[in-house]
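Right, one structure below, let's go through it.
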There are 2 protein chains.
Amino acid sequence: MNSKPNLNSNERIDQLTAHGVQVIQSPEVFSFSLDAVLIADFCRPAKRADRRIVDLCAGNGAVGLFIAHKTAAQIIEVEIQPRLADMAQRSILLNGLQKQMSVLNLDAKQIFASVAKDSVDTVVCNPPYFPDLKTSKKNPNQYLAIARHEIKINLAQVINISSQLLKMKGKFFLIHRPDRFSEILALLGQAQMAVNQVRLVYPKADRPANMILIEAIKNGSQQGMRFLPPLIVYGQNNQYSTTVRQILHGE
Amino acid sequence: MNSKPNLNSNERIDQLTAHGVQVIQSPEVFSFSLDAVLIADFCRPAKRADRRIVDLCAGNGAVGLFIAHKTAAQIIEVEIQPRLADMAQRSILLNGLQKQMSVLNLDAKQIFASVAKDSVDTVVCNPPYFPDLKTSKKNPNQYLAIARHEIKINLAQVINISSQLLKMKGKFFLIHRPDRFSEILALLGQAQMAVNQVRLVYPKADRPANMILIEAIKNGSQQGMRFLPPLIVYGQNNQYSTTVRQILHGE
(Lines give C-alpha, C1' and ligand atoms only; values in the text may rest on other atoms or scores of the structure.)
Protein backbone atom coordinates (compact mmCIF):
# COMPACT_ATOMS: atom_id res chain seq x y z
CA MET A 1 0.00 0.00 0.00
CA ASN A 2 0.21 2.45 -1.86
CA SER A 3 -0.86 5.41 -3.84
CA LYS A 4 -1.82 8.54 -2.00
CA PRO A 5 -5.56 8.55 -1.44
CA ASN A 6 -7.62 11.02 -3.33
CA LEU A 7 -10.38 11.90 -0.89
CA ASN A 8 -13.48 13.91 -1.69
CA SER A 9 -15.19 16.07 0.90
CA ASN A 10 -16.88 14.15 3.72
CA GLU A 11 -14.87 11.02 2.98
CA ARG A 12 -12.59 9.27 5.40
CA ILE A 13 -10.42 6.18 5.37
CA ASP A 14 -11.32 3.31 7.71
CA GLN A 15 -8.94 0.47 8.30
CA LEU A 16 -9.83 -3.13 9.05
CA THR A 17 -6.90 -3.89 11.31
CA ALA A 18 -7.07 -7.69 11.00
CA HIS A 19 -5.72 -7.48 7.47
CA GLY A 20 -4.63 -3.84 7.13
CA VAL A 21 -7.19 -3.13 4.41
CA GLN A 22 -8.15 0.51 4.05
CA VAL A 23 -11.59 1.52 2.78
CA ILE A 24 -12.74 4.97 1.70
CA GLN A 25 -15.98 5.69 3.48
CA SER A 26 -18.46 8.50 3.53
CA PRO A 27 -21.31 8.80 5.99
CA GLU A 28 -22.95 10.99 3.36
CA VAL A 29 -23.23 8.24 0.75
CA PHE A 30 -22.07 4.88 2.09
CA SER A 31 -20.14 3.37 4.98
CA PHE A 32 -19.58 -0.33 5.32
CA SER A 33 -20.95 -1.86 8.49
CA LEU A 34 -20.41 -5.08 10.39
CA ASP A 35 -22.50 -6.89 7.76
CA ALA A 36 -19.75 -6.43 5.16
CA VAL A 37 -17.12 -7.69 7.57
CA LEU A 38 -19.19 -10.77 8.45
CA ILE A 39 -20.01 -11.80 4.88
CA ALA A 40 -16.35 -11.35 3.92
CA ASP A 41 -15.32 -13.54 6.84
CA PHE A 42 -17.96 -16.16 5.96
CA CYS A 43 -17.10 -16.21 2.24
CA ARG A 44 -14.88 -19.08 1.06
CA PRO A 45 -13.86 -17.75 -2.35
CA ALA A 46 -12.23 -19.68 -5.14
CA LYS A 47 -8.50 -19.29 -4.58
CA ARG A 48 -6.57 -19.77 -7.81
CA ALA A 49 -5.36 -16.84 -9.91
CA ASP A 50 -7.26 -18.09 -12.96
CA ARG A 51 -10.58 -17.98 -11.06
CA ARG A 52 -13.08 -15.17 -11.00
CA ILE A 53 -15.09 -13.62 -8.18
CA VAL A 54 -17.95 -11.13 -8.47
CA ASP A 55 -18.95 -8.87 -5.59
CA LEU A 56 -22.52 -7.92 -6.51
CA CYS A 57 -24.13 -4.76 -5.06
CA ALA A 58 -20.62 -3.84 -4.02
CA GLY A 59 -21.29 -0.35 -2.60
CA ASN A 60 -17.92 1.16 -1.73
CA GLY A 61 -16.27 -2.19 -2.41
CA ALA A 62 -15.71 -3.20 1.19
CA VAL A 63 -16.63 -6.89 0.83
CA GLY A 64 -14.36 -7.45 -2.17
CA LEU A 65 -11.53 -5.56 -0.47
CA PHE A 66 -11.92 -7.68 2.66
CA ILE A 67 -11.75 -11.01 0.79
CA ALA A 68 -8.80 -10.06 -1.45
CA HIS A 69 -6.28 -11.45 1.05
CA LYS A 70 -7.98 -14.88 0.94
CA THR A 71 -7.52 -15.47 -2.77
CA ALA A 72 -5.38 -14.93 -5.84
CA ALA A 73 -8.49 -14.84 -8.05
CA GLN A 74 -9.69 -11.78 -9.96
CA ILE A 75 -12.36 -9.83 -8.06
CA ILE A 76 -14.91 -7.76 -9.96
CA GLU A 77 -16.87 -5.21 -7.97
CA VAL A 78 -20.29 -4.46 -9.51
CA GLU A 79 -21.97 -1.26 -8.35
CA ILE A 80 -24.73 0.77 -9.94
CA GLN A 81 -24.13 4.10 -8.16
CA PRO A 82 -21.30 6.08 -9.85
CA ARG A 83 -20.20 7.83 -6.68
CA LEU A 84 -19.86 4.56 -4.77
CA ALA A 85 -18.17 2.79 -7.68
CA ASP A 86 -15.66 5.65 -7.75
CA MET A 87 -14.98 5.23 -4.04
CA ALA A 88 -14.42 1.49 -4.60
CA GLN A 89 -12.02 2.25 -7.47
CA ARG A 90 -10.00 4.65 -5.32
CA SER A 91 -9.90 2.15 -2.42
CA ILE A 92 -8.51 -0.48 -4.79
CA LEU A 93 -5.70 1.93 -5.73
CA LEU A 94 -5.20 2.91 -2.10
CA ASN A 95 -4.56 -0.75 -1.25
CA GLY A 96 -2.47 -1.39 -4.35
CA LEU A 97 -4.89 -4.08 -5.50
CA GLN A 98 -5.44 -2.85 -9.05
CA LYS A 99 -3.94 -6.02 -10.56
CA GLN A 100 -6.41 -8.22 -8.70
CA MET A 101 -9.51 -6.07 -8.52
CA SER A 102 -11.65 -4.00 -10.85
CA VAL A 103 -14.91 -2.10 -10.69
CA LEU A 104 -17.83 -2.26 -13.08
CA ASN A 105 -20.06 0.75 -12.61
CA LEU A 106 -23.25 -0.67 -14.01
CA ASP A 107 -26.66 -2.05 -13.17
CA ALA A 108 -26.23 -5.71 -12.19
CA LYS A 109 -29.09 -6.55 -14.54
CA GLN A 110 -26.82 -5.43 -17.43
CA ILE A 111 -23.80 -7.41 -16.22
CA PHE A 112 -23.90 -10.09 -18.92
CA ALA A 113 -22.65 -7.58 -21.49
CA SER A 114 -19.42 -7.44 -19.45
CA VAL A 115 -19.21 -10.77 -17.64
CA ALA A 116 -20.25 -13.93 -19.47
CA LYS A 117 -22.81 -16.34 -18.07
CA ASP A 118 -21.39 -19.50 -16.46
CA SER A 119 -17.97 -17.87 -16.11
CA VAL A 120 -17.71 -16.99 -12.41
CA ASP A 121 -16.47 -19.23 -9.59
CA THR A 122 -17.72 -17.23 -6.59
CA VAL A 123 -20.41 -14.59 -6.20
CA VAL A 124 -20.60 -12.70 -2.92
CA CYS A 125 -23.41 -10.28 -2.16
CA ASN A 126 -24.53 -7.92 0.58
CA PRO A 127 -27.70 -6.72 -1.13
CA PRO A 128 -30.39 -4.23 -0.04
CA TYR A 129 -32.37 -6.00 2.69
CA PHE A 130 -35.73 -4.30 2.60
CA PRO A 131 -38.52 -4.57 0.02
CA ASP A 132 -39.35 -1.36 -1.82
CA LEU A 133 -42.89 -1.09 -0.51
CA LYS A 134 -44.89 2.11 -0.81
CA THR A 135 -45.46 1.87 2.91
CA SER A 136 -41.81 1.36 3.88
CA LYS A 137 -40.00 4.26 5.46
CA LYS A 138 -36.93 5.04 3.39
CA ASN A 139 -33.91 7.17 4.03
CA PRO A 140 -34.44 10.55 2.31
CA ASN A 141 -30.77 10.26 1.27
CA GLN A 142 -31.07 8.44 -2.05
CA TYR A 143 -27.60 6.87 -1.80
CA LEU A 144 -28.47 5.21 1.48
CA ALA A 145 -32.02 4.35 0.41
CA ILE A 146 -30.71 2.45 -2.66
CA ALA A 147 -28.25 0.52 -0.49
CA ARG A 148 -30.93 -0.49 2.03
CA HIS A 149 -34.11 -0.85 -0.04
CA GLU A 150 -34.81 -2.90 -3.17
CA ILE A 151 -35.19 0.19 -5.33
CA LYS A 152 -32.77 -0.69 -8.13
CA ILE A 153 -32.66 -4.47 -7.68
CA ASN A 154 -34.63 -7.01 -5.69
CA LEU A 155 -33.82 -10.34 -4.08
CA ALA A 156 -35.16 -12.46 -6.95
CA GLN A 157 -33.00 -10.51 -9.42
CA VAL A 158 -29.91 -10.77 -7.21
CA ILE A 159 -30.32 -14.54 -6.96
CA ASN A 160 -31.10 -15.06 -10.65
CA ILE A 161 -28.18 -12.95 -11.82
CA SER A 162 -25.84 -14.73 -9.40
CA SER A 163 -26.95 -18.14 -10.58
CA GLN A 164 -26.52 -17.19 -14.22
CA LEU A 165 -23.03 -15.81 -13.57
CA LEU A 166 -21.86 -18.93 -11.76
CA LYS A 167 -20.27 -21.95 -13.32
CA MET A 168 -21.75 -25.31 -12.36
CA LYS A 169 -20.81 -25.98 -8.70
CA GLY A 170 -19.84 -22.32 -8.31
CA LYS A 171 -20.56 -20.84 -4.89
CA PHE A 172 -22.84 -18.01 -3.86
CA PHE A 173 -22.39 -16.21 -0.53
CA LEU A 174 -25.21 -14.00 0.70
CA ILE A 175 -25.93 -12.05 3.86
CA HIS A 176 -29.55 -11.17 4.53
CA ARG A 177 -32.28 -10.90 7.13
CA PRO A 178 -33.47 -14.16 8.69
CA ASP A 179 -37.12 -13.20 8.24
CA ARG A 180 -36.62 -13.60 4.48
CA PHE A 181 -35.03 -17.06 4.69
CA SER A 182 -38.09 -18.93 3.36
CA GLU A 183 -38.20 -16.63 0.36
CA ILE A 184 -34.44 -16.95 -0.17
CA LEU A 185 -34.65 -20.75 -0.13
CA ALA A 186 -37.52 -20.78 -2.60
CA LEU A 187 -35.73 -18.36 -4.96
CA LEU A 188 -32.46 -20.30 -4.72
CA GLY A 189 -34.34 -23.49 -5.57
CA GLN A 190 -35.93 -21.86 -8.61
CA ALA A 191 -32.47 -20.68 -9.69
CA GLN A 192 -30.94 -24.20 -9.44
CA MET A 193 -28.96 -23.35 -6.33
CA ALA A 194 -29.01 -25.30 -3.06
CA VAL A 195 -28.01 -24.11 0.38
CA ASN A 196 -24.93 -25.84 1.68
CA GLN A 197 -24.12 -23.93 4.86
CA VAL A 198 -25.81 -21.31 6.97
CA ARG A 199 -24.61 -19.25 9.92
CA LEU A 200 -27.05 -17.35 12.07
CA VAL A 201 -25.88 -14.04 13.55
CA TYR A 202 -27.42 -13.19 16.92
CA PRO A 203 -26.92 -9.68 18.36
CA LYS A 204 -26.70 -11.20 21.84
CA ALA A 205 -26.84 -14.75 23.20
CA ASP A 206 -30.41 -14.26 24.41
CA ARG A 207 -31.80 -12.46 21.35
CA PRO A 208 -33.29 -13.72 18.07
CA ALA A 209 -30.97 -13.74 15.06
CA ASN A 210 -30.89 -10.50 13.05
CA MET A 211 -28.68 -11.63 10.17
CA ILE A 212 -28.15 -14.85 8.25
CA LEU A 213 -25.08 -15.87 6.28
CA ILE A 214 -25.81 -18.30 3.45
CA GLU A 215 -23.55 -20.42 1.24
CA ALA A 216 -25.31 -21.94 -1.77
CA ILE A 217 -23.98 -24.08 -4.59
CA LYS A 218 -25.17 -23.91 -8.18
CA ASN A 219 -26.49 -27.34 -9.17
CA GLY A 220 -25.71 -28.49 -5.62
CA SER A 221 -27.56 -31.14 -3.64
CA GLN A 222 -30.72 -30.11 -1.74
CA GLN A 223 -29.70 -32.46 1.06
CA GLY A 224 -27.52 -31.72 4.01
CA MET A 225 -27.86 -28.07 5.02
CA ARG A 226 -25.39 -27.33 7.81
CA PHE A 227 -25.97 -24.67 10.45
CA LEU A 228 -22.51 -23.52 11.50
CA PRO A 229 -21.81 -22.42 15.08
CA PRO A 230 -23.83 -19.37 16.16
CA LEU A 231 -22.15 -16.02 15.68
CA ILE A 232 -22.97 -13.84 18.67
CA VAL A 233 -22.05 -10.19 18.12
CA TYR A 234 -22.11 -8.68 21.60
CA GLY A 235 -21.01 -10.34 24.83
CA GLN A 236 -21.44 -9.12 28.36
CA ASN A 237 -21.36 -5.34 28.89
CA ASN A 238 -22.29 -4.74 25.24
CA GLN A 239 -18.72 -5.24 24.10
CA TYR A 240 -18.03 -7.12 20.87
CA SER A 241 -17.72 -10.85 21.53
CA THR A 242 -14.40 -12.66 21.24
CA THR A 243 -15.51 -14.08 17.88
CA VAL A 244 -16.27 -10.66 16.41
CA ARG A 245 -13.09 -9.10 17.83
CA GLN A 246 -11.19 -11.96 16.20
CA ILE A 247 -12.84 -11.26 12.85
CA LEU A 248 -12.36 -7.48 13.10
CA HIS A 249 -8.93 -7.23 14.59
CA GLY A 250 -7.41 -10.71 14.49
CA GLU A 251 -7.19 -10.51 18.29
CA MET B 1 -48.79 -38.80 41.47
CA ASN B 2 -50.38 -41.31 42.35
CA SER B 3 -51.29 -44.78 41.51
CA LYS B 4 -48.62 -47.31 42.21
CA PRO B 5 -46.65 -47.87 39.03
CA ASN B 6 -46.92 -51.18 37.35
CA LEU B 7 -43.43 -51.79 35.99
CA ASN B 8 -42.44 -54.52 33.60
CA SER B 9 -38.99 -56.02 33.62
CA ASN B 10 -36.22 -53.71 32.48
CA GLU B 11 -38.38 -50.65 33.03
CA ARG B 12 -37.53 -47.77 35.32
CA ILE B 13 -39.12 -44.47 36.27
CA ASP B 14 -37.30 -41.26 35.37
CA GLN B 15 -38.35 -37.96 36.79
CA LEU B 16 -38.10 -34.58 35.13
CA THR B 17 -37.49 -32.58 38.26
CA ALA B 18 -38.48 -29.19 36.81
CA HIS B 19 -42.12 -30.23 36.89
CA GLY B 20 -42.09 -33.45 38.88
CA VAL B 21 -43.29 -35.51 35.93
CA GLN B 22 -42.45 -39.21 36.09
CA VAL B 23 -41.95 -41.25 32.92
CA ILE B 24 -41.70 -45.01 32.62
CA GLN B 25 -38.63 -45.80 30.55
CA SER B 26 -36.96 -48.88 29.24
CA PRO B 27 -33.55 -48.94 27.63
CA GLU B 28 -34.73 -52.15 25.99
CA VAL B 29 -37.52 -50.52 24.01
CA PHE B 30 -37.54 -46.74 24.43
CA SER B 31 -36.09 -44.03 26.64
CA PHE B 32 -36.80 -40.37 26.12
CA SER B 33 -33.77 -38.24 25.52
CA LEU B 34 -32.97 -34.55 25.63
CA ASP B 35 -34.84 -34.13 22.32
CA ALA B 36 -38.17 -34.82 24.03
CA VAL B 37 -37.38 -32.35 26.78
CA LEU B 38 -36.39 -29.63 24.29
CA ILE B 39 -39.43 -29.99 22.02
CA ALA B 40 -41.71 -29.95 25.08
CA ASP B 41 -40.01 -26.78 26.30
CA PHE B 42 -40.25 -25.17 22.84
CA CYS B 43 -43.91 -26.13 22.33
CA ARG B 44 -46.47 -23.39 22.99
CA PRO B 45 -49.63 -25.49 23.15
CA ALA B 46 -53.19 -24.25 23.05
CA LYS B 47 -54.14 -23.65 26.67
CA ARG B 48 -57.91 -23.83 27.13
CA ALA B 49 -59.64 -26.95 28.43
CA ASP B 50 -61.83 -27.15 25.32
CA ARG B 51 -58.77 -27.34 23.05
CA ARG B 52 -57.08 -30.45 21.72
CA ILE B 53 -53.45 -31.41 21.38
CA VAL B 54 -51.99 -34.39 19.52
CA ASP B 55 -48.54 -35.80 20.33
CA LEU B 56 -47.68 -37.70 17.14
CA CYS B 57 -45.08 -40.50 17.19
CA ALA B 58 -45.40 -40.30 20.95
CA GLY B 59 -43.15 -43.22 21.92
CA ASN B 60 -43.43 -43.66 25.68
CA GLY B 61 -45.42 -40.43 25.87
CA ALA B 62 -42.67 -38.24 27.27
CA VAL B 63 -43.40 -35.12 25.19
CA GLY B 64 -47.10 -35.08 26.01
CA LEU B 65 -46.37 -35.72 29.68
CA PHE B 66 -43.87 -32.84 29.75
CA ILE B 67 -46.30 -30.32 28.22
CA ALA B 68 -49.29 -31.29 30.37
CA HIS B 69 -48.43 -28.67 33.01
CA LYS B 70 -48.55 -25.89 30.39
CA THR B 71 -52.15 -26.42 29.34
CA ALA B 72 -55.64 -27.46 30.39
CA ALA B 73 -56.30 -28.88 26.91
CA GLN B 74 -56.84 -32.56 26.15
CA ILE B 75 -53.65 -34.32 25.04
CA ILE B 76 -53.86 -37.37 22.77
CA GLU B 77 -50.73 -39.51 22.50
CA VAL B 78 -50.54 -41.41 19.18
CA GLU B 79 -48.14 -44.34 19.09
CA ILE B 80 -47.99 -47.30 16.73
CA GLN B 81 -45.94 -49.70 18.90
CA PRO B 82 -48.17 -51.49 21.47
CA ARG B 83 -45.44 -51.88 24.05
CA LEU B 84 -44.59 -48.15 23.97
CA ALA B 85 -48.25 -47.10 23.95
CA ASP B 86 -48.72 -49.26 27.06
CA MET B 87 -45.81 -47.54 28.78
CA ALA B 88 -47.32 -44.16 27.91
CA GLN B 89 -50.68 -45.26 29.31
CA ARG B 90 -49.10 -46.38 32.58
CA SER B 91 -47.11 -43.14 32.88
CA ILE B 92 -50.34 -41.17 32.49
CA LEU B 93 -51.82 -43.13 35.41
CA LEU B 94 -48.60 -42.76 37.40
CA ASN B 95 -48.89 -38.97 37.11
CA GLY B 96 -52.65 -38.94 37.71
CA LEU B 97 -53.22 -37.30 34.32
CA GLN B 98 -55.89 -39.68 33.03
CA LYS B 99 -58.51 -36.91 32.84
CA GLN B 100 -56.33 -34.80 30.60
CA MET B 101 -54.43 -37.37 28.59
CA SER B 102 -55.18 -40.46 26.54
CA VAL B 103 -53.29 -42.85 24.30
CA LEU B 104 -54.25 -44.05 20.84
CA ASN B 105 -52.29 -47.15 19.97
CA LEU B 106 -52.51 -46.92 16.22
CA ASP B 107 -50.67 -46.11 13.04
CA ALA B 108 -50.73 -42.32 12.62
CA LYS B 109 -51.82 -42.88 9.01
CA GLN B 110 -55.08 -44.34 10.41
CA ILE B 111 -55.69 -41.52 12.88
CA PHE B 112 -58.60 -39.91 11.03
CA ALA B 113 -60.84 -42.77 12.05
CA SER B 114 -60.34 -41.60 15.65
CA VAL B 115 -59.54 -37.89 15.41
CA ALA B 116 -61.39 -35.76 12.87
CA LYS B 117 -59.59 -33.61 10.33
CA ASP B 118 -59.41 -29.87 11.15
CA SER B 119 -60.19 -30.58 14.81
CA VAL B 120 -56.82 -30.16 16.56
CA ASP B 121 -55.29 -26.94 17.93
CA THR B 122 -51.71 -28.10 18.45
CA VAL B 123 -49.70 -30.99 17.04
CA VAL B 124 -46.32 -31.74 18.59
CA CYS B 125 -43.98 -34.32 17.10
CA ASN B 126 -40.58 -35.87 17.78
CA PRO B 127 -40.53 -38.18 14.75
CA PRO B 128 -37.95 -40.69 13.51
CA TYR B 129 -35.09 -38.59 12.13
CA PHE B 130 -33.41 -40.89 9.64
CA PRO B 131 -34.59 -42.03 6.20
CA ASP B 132 -35.20 -45.75 5.84
CA LEU B 133 -32.52 -46.33 3.25
CA LYS B 134 -31.28 -49.78 2.36
CA THR B 135 -27.79 -48.48 3.04
CA SER B 136 -28.56 -46.96 6.44
CA LYS B 137 -27.29 -48.76 9.49
CA LYS B 138 -30.23 -49.51 11.75
CA ASN B 139 -30.46 -50.66 15.31
CA PRO B 140 -31.05 -54.46 15.33
CA ASN B 141 -33.52 -53.77 18.15
CA GLN B 142 -36.74 -53.19 16.17
CA TYR B 143 -38.29 -50.94 18.85
CA LEU B 144 -35.37 -48.56 18.67
CA ALA B 145 -35.04 -48.83 14.88
CA ILE B 146 -38.70 -47.77 14.42
CA ALA B 147 -38.20 -44.80 16.74
CA ARG B 148 -35.09 -43.62 14.90
CA HIS B 149 -35.69 -44.57 11.28
CA GLU B 150 -38.60 -43.83 8.95
CA ILE B 151 -39.70 -47.46 8.83
CA LYS B 152 -43.37 -47.03 9.76
CA ILE B 153 -43.82 -43.37 8.83
CA ASN B 154 -41.79 -40.79 6.96
CA LEU B 155 -41.39 -37.03 7.20
CA ALA B 156 -43.82 -36.25 4.38
CA GLN B 157 -46.50 -38.39 6.06
CA VAL B 158 -45.88 -36.82 9.46
CA ILE B 159 -46.28 -33.32 8.00
CA ASN B 160 -49.32 -34.17 5.89
CA ILE B 161 -51.13 -35.88 8.76
CA SER B 162 -50.32 -32.99 11.09
CA SER B 163 -51.63 -30.43 8.64
CA GLN B 164 -54.83 -32.37 8.09
CA LEU B 165 -55.41 -32.73 11.82
CA LEU B 166 -54.94 -29.02 12.51
CA LYS B 167 -57.62 -26.38 12.44
CA MET B 168 -56.86 -23.27 10.41
CA LYS B 169 -54.15 -21.29 12.28
CA GLY B 170 -53.43 -24.37 14.40
CA LYS B 171 -49.81 -24.81 15.38
CA PHE B 172 -47.34 -27.58 14.60
CA PHE B 173 -44.20 -28.11 16.69
CA LEU B 174 -41.48 -30.34 15.31
CA ILE B 175 -37.97 -31.29 16.35
CA HIS B 176 -35.70 -32.66 13.65
CA ARG B 177 -32.21 -32.64 12.19
CA PRO B 178 -31.01 -29.38 10.63
CA ASP B 179 -29.73 -31.17 7.54
CA ARG B 180 -33.35 -31.87 6.60
CA PHE B 181 -34.54 -28.28 7.00
CA SER B 182 -34.85 -27.61 3.24
CA GLU B 183 -36.97 -30.70 2.85
CA ILE B 184 -39.06 -29.80 5.90
CA LEU B 185 -39.74 -26.30 4.55
CA ALA B 186 -40.75 -27.66 1.15
CA LEU B 187 -43.07 -30.27 2.69
CA LEU B 188 -44.61 -27.73 5.07
CA GLY B 189 -45.27 -25.42 2.12
CA GLN B 190 -46.96 -28.24 0.19
CA ALA B 191 -49.10 -28.95 3.26
CA GLN B 192 -50.23 -25.29 3.59
CA MET B 193 -48.12 -24.68 6.67
CA ALA B 194 -45.62 -21.84 7.12
CA VAL B 195 -42.74 -21.66 9.55
CA ASN B 196 -43.21 -19.00 12.18
CA GLN B 197 -40.33 -19.60 14.57
CA VAL B 198 -37.21 -21.72 14.61
CA ARG B 199 -34.66 -22.43 17.31
CA LEU B 200 -31.34 -24.04 16.48
CA VAL B 201 -29.83 -26.39 19.04
CA TYR B 202 -26.03 -26.44 19.09
CA PRO B 203 -24.22 -29.13 21.13
CA LYS B 204 -21.54 -26.57 22.04
CA ALA B 205 -21.02 -22.88 21.26
CA ASP B 206 -18.38 -23.71 18.65
CA ARG B 207 -20.15 -26.63 16.94
CA PRO B 208 -22.69 -26.80 14.12
CA ALA B 209 -26.31 -27.25 15.15
CA ASN B 210 -27.46 -30.86 15.56
CA MET B 211 -31.16 -30.27 16.18
CA ILE B 212 -33.75 -27.78 15.00
CA LEU B 213 -36.99 -26.82 16.73
CA ILE B 214 -39.69 -25.61 14.36
CA GLU B 215 -43.03 -23.88 14.94
CA ALA B 216 -45.29 -23.78 11.89
CA ILE B 217 -48.80 -22.41 11.46
CA LYS B 218 -51.45 -23.96 9.24
CA ASN B 219 -52.50 -21.36 6.65
CA GLY B 220 -49.94 -19.01 8.19
CA SER B 221 -47.96 -16.32 6.38
CA GLN B 222 -44.77 -17.32 4.54
CA GLN B 223 -43.18 -14.05 5.65
CA GLY B 224 -41.31 -13.34 8.82
CA MET B 225 -39.51 -16.49 10.01
CA ARG B 226 -37.89 -15.79 13.37
CA PHE B 227 -34.76 -17.53 14.59
CA LEU B 228 -35.01 -17.54 18.37
CA PRO B 229 -31.88 -17.29 20.55
CA PRO B 230 -29.47 -20.20 20.07
CA LEU B 231 -29.88 -23.12 22.45
CA ILE B 232 -26.45 -24.36 23.43
CA VAL B 233 -26.54 -27.71 25.20
CA TYR B 234 -23.11 -28.03 26.81
CA GLY B 235 -21.07 -25.25 28.34
CA GLN B 236 -17.49 -25.35 29.53
CA ASN B 237 -16.26 -28.66 30.98
CA ASN B 238 -18.98 -30.58 29.13
CA GLN B 239 -21.58 -29.71 31.75
CA TYR B 240 -25.13 -28.85 30.67
CA SER B 241 -25.44 -25.12 29.99
CA THR B 242 -27.46 -22.85 32.28
CA THR B 243 -30.29 -22.83 29.69
CA VAL B 244 -30.54 -26.62 29.61
CA ARG B 245 -30.27 -26.94 33.39
CA GLN B 246 -33.10 -24.42 33.64
CA ILE B 247 -35.23 -26.47 31.25
CA LEU B 248 -34.41 -29.79 32.95
CA HIS B 249 -34.46 -28.83 36.58
CA GLY B 250 -35.94 -25.33 36.79
CA GLU B 251 -32.63 -24.24 38.33
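Please read these numbers as outputs of a predicted model, since none were measured by experiment. Excluded from the calculations below are hydrogen atoms, water molecules and symmetry mates; all remaining heavy atoms, backbone and side chain alike, are included.
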| A:N160 side-chain N/O to A:A156 backbone N/O, donor-acceptor pair under 3.5 Å | yes
| message | With chain B as the partner, which of A:A209, A:A205, A:A186, A:P230 has the greatest number of non-hydrogen pairs under 4.5 Å? | response | A:P230
| Just checking, any donor-acceptor pair under 3.5 angstrom between side chains of A:R52 and A:S119? | yes
| Cation-pi, B:Y234 ring and B:K204 (6.0 angstrom, 45 degrees) | no
| query | Is a side-chain donor or acceptor of A:N237 paired with a backbone partner of A:Q239 at a separation under 3.5 angstrom? | reply | no
| Stepwise, does the salt bridge (charged side-chain N to carboxylate O under 4.0 Å, His left out) test hold for B:R48 with B:D121? | CA-CA 10 Å; B:R48 283 170 41 179; B:D121 299 280; over 6 Å; no
| remark: Closest non-hydrogen atoms of A:L56 and A:V158, given as atom of the first, atom of the second and distance, are CD2-O, 4.0 Å
| message | If the contact rule is any heavy atom under 4.5 Å from chain A, which residues of residues 190-199 of chain B qualify, in numerical order? | response | none
| message | A quick test of your reading: do over 12 heavy atoms of other residues, nucleotides or ligands sit less than 6.0 Å from CD of A:Q15? | response | yes
| note | Whatever's closer than 4.5 Å to a heavy atom in chain B on A:R207 counts as backbone
| Interface residues of residues 171-183 of chain B facing chain A - heavy atom cut-off under 4.5 Å | B:P178, B:D179, B:F181, B:S182, B:E183
| said: Quick check on A:R226: does its CZ atom have over 12 non-hydrogen neighbours (other residues, nucleotides or ligands) under 6.0 Å away? | reply: no
| note | chain A shares the most heavy-atom pairs under 4.5 Å, among B:T243, B:L228, B:L231, with B:L228
| message | Once rounded to the nearest 0.5 Å, what's the spacing between atom CG of B:L187 and atom CG of B:N154? | response | 8.5 Å
| message | Is it the case that the side chain of B:E79 and the backbone of B:N60 share a donor-acceptor pair, with hydrogens and angles ignored and the cut-off at 3.5 Å? | response | no
| query | Hey, are A:D132 and A:K152 close enough for a salt bridge, meaning a charged N less than 4.0 Å from a carboxylate O? | reply | no
